[in-house]
2 protein chains.
Amino acid sequence: MRADALRNYERLVAVAAEVVAEQGADASMEEIARRAGVGSATLHRHFGGRTAMLEAVFETSIDAVCKRAADLLGHSDPGEALRVWLQAVIAHAVKNRGLGAALLLSAERGSEFHARITRAGRQLLKRAQQHRAADAGATIADVLGLVNAISLTAERDAAQADRLLALAIRGVSPAAVS
Amino acid sequence: MRADALRNYERLVAVAAEVVAEQGADASMEEIARRAGVGSATLHRHFGGRTAMLEAVFETSIDAVCKRAADLLGHSDPGEALRVWLQAVIAHAVKNRGLGAALLLSAERGSEFHARITRAGRQLLKRAQQHRAADAGATIADVLGLVNAISLTAERDAAQADRLLALAIRGVSPAAVS
DNA sequence: TGCTAAACGGGGTGGTCCCCCATATCGTAC
DNA sequence: GTACGATATGGGGGACCACCCCGTTTAGCA
């Protein structure tokens with residue numbers, strides 16, 4: 001990769017992160033290019049599409065979330081570990097708007113992106129289930145689907161996102177209540 | 001309202017319902033006008049924007065959902081009644097794609113649309129809570145927020161939508177488990 | 001039947017995404 | 001230090017979009 005191309009690539013990722021955080025995953029590609037001071041063709045050449053651009057933007061977020069999952073495997077309370085991790089995923093999605101959409105797009109296109117988070121969360125869920133600290137019938141796909149749904153609709157409102165996650169974790173109408 | 005205007009209005013609502021069910025809430029307005037055999041200006045004059053168009057399209061769905069809530073207030077098991085109603089809301093959103101987005105837009109713009117569903121569900125939730133058949137801390141806004149989040153992300157996959165709702169109802173990690 | 005208020009839709013504006021290709025720049029081999 | 005081929009660039013274009021102006025047509029009434 002030529003030096004000028006690398007400079008532009010890095011600049012584009014930084015600007016894209018900024019604009020996406022402001023406007024969400026459907027931010028205008030033209031504006032990202034404009035703000036970065038390059039032609040829109042350059043942006044499209046570097047990423048080839050919105051999905052790939054979002055993946056580049058959220059690469060480091062994903063790394064952080066996966067690492068967090070690995071760390072939490074050492075936590076003494078498996079149920080708490082799962083809960084904390086799901087909160088972290090939501091917190092990331094709120095801080096950097098667009099992560100939820102990026103994951104959804106990635107899942108649809110079979111990109112590696114979604115698979116990494118799934119692998120990271122699966123062990124956390126399994127451990128919680130073995131300690132009877134999570135619903136035995138839940139799959140990691142569904143748990144992340146739920147978390148992702150919350151991220152998407154509440155990504156502009158951290159307090160709401162937290163409330164919805166808490167509600168989904170303890171259950172709207174858990175069997176224990178009746 | 002002139003007879004020709006009324007004819008076009010009704011035709012537009014019907015065509016819009018069809019196209020939105022096919023393509024989702026962000027379907028092309030131009031295509032709806034094209035399929036209805038009118039100019040796009042006519043469509044915009046009748047509705048004044050996508051949100052209003054979606055509200056017109058889902059008016060009858062909302063009526064049905066609200067009526068269902070009223071009927072279920074007579075159900076002997078309040079927890080079951082709430083569960084069945086939430087399933088019905090999801091089922092509607094899956095059958096007519098776009099309902100979730102319409103509700104979200106409506107809520108953001110303070111339209112009456114969202115308020116009606118909220119009123120309908122509030123009593124159902126309250127009754128379930130009084131019978132200890134629903135989480136005491138849950139608000140109807142949050143419950144519907146969760147249901148809406150599920151509708152939005154899983155509106156193309158009825159089975160997934162059902163699984164996510166079931167999981168949210170019984171809880172990923174209910175207190176009873178540990 | 002004639003008239004007026006209402007509805008209509010072609011076409012314009014300004015925006016989007018994405019791509020082609022002539023031009024400019026980089027990095028190297030001499 | 002220079003010349004040159006490989007690579008990156010971005011203006012401009014195509015196809016689409018939402019939304020609106022305004023000249024034309026039509027409905028419904030007197």
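Since this is a predicted model, take the numbers as computed values, not measurements. Below, chains carry the letters A, B, ... as their sequence lines are ordered, and counting in each starts from 1.
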Could you give the CD-to-P distance, from B:E31 to D:dC16, as a whole number of Å?
11 Å
Atom CD1 of A:I32 to atom P of C:dC18: distance rounded to whole Å?
11 Å
Side chain of B:M29: nearest nucleotide among C:dC18, D:dA18, D:dA27?
D:dA18
Gap between atoms NE2 and C1', on B:H46 and D:dC20 respectively (whole Å):
15 Å
Taking only the side-chain nitrogens and oxygens of B:R34, find out if one of them lies under 4.0 Å from OP1 or OP2 of D:dC17.
yes
Separation of C:dG27 atom P from A:R7 atom CZ, nearest Å, is 8 Å
A:F113 and A:F58 aromatic centres sub-6.0 Å
no
So which one's nearest nucleotide on DNA chain C is more toward 5', A:R50 or B:G37?
B:G37
N/O (side chain, B:N8) to phosphate O (OP1/OP2, C:dC8) under 4.0 Å:
yes
Is there a side-chain contact between A:R45 and the phosphate of C:dC17, meaning an N or O under 4.0 Å from OP1 or OP2?
no
Run A:R35 and A:E30 through salt bridge (Lys or Arg N to Asp or Glu O under 4.0 Å) and show every step you take.
CA-CA 9 Å; A:R35 273 208 220 176; A:E30 300 285 333; over 6 Å; no
Gap between atoms CG and P, on A:L43 and D:dG10 respectively (whole Å)
11 Å
Among the nucleotides D:dA8, D:dG28, C:dC17, which one has an atom lying closest to any side-chain atom of A:S28?
C:dC17
Thinking salt bridges, do B:E59 and B:R116 make one under a 4.0 Å N-O criterion?
yes
For B:H44 and C:dG9, is the shortest distance between a side-chain N/O and OP1 or OP2 below 4.0 Å?
no
Is there a donor and acceptor pair closer than 3.5 Å between the side chain of B:R2 and the base of C:dA6?
yes
Against B:V172, only a single residue in A:D135, A:L165, A:L146 fulfils side chain to side chain contact (heavy atoms under 4.5 Å, CB included); can you say which?
A:L146
Would you say A:L12 and A:F47 make side-chain contact, with heavy atoms under 4.5 Å?
yes
Mind calculating the distance between CG (B:D26) and P (C:dT16) to the nearest angstrom?
17 Å
Separation of C:dC8 P from B:Y9 OH (nearest whole Å):
13 Å
Walking DNA chain D from its 5' end, the first of B:T42 and A:E30 to be reached, judged by nearest nucleotide, is A:E30
Return the 5'-most residue of the pair B:A41, A:M1 with respect to DNA chain C, ranking by each residue's nearest nucleotide.
B:A41
Of the listed nucleotides (C:dC18, D:dC17, D:dA8), which one gets closest to any side-chain atom of A:S40?
C:dC18
To the nearest angstrom, how far is B:L6 atom CG from D:dG28 atom P?
10 Å
Quick check for you: among C:dC20, C:dA7, C:dC18, whose closest atom lies nearest to any side-chain atom of B:D4?
C:dA7
For A:A5, report the nucleic acid contact type (base, sugar-phosphate, nothing); a contact means any heavy atom under 4.0 Å.
sugar-phosphate
Got a donor-acceptor contact below 3.5 angstrom from the B:H131 side chain to the B:R127 backbone?
yes
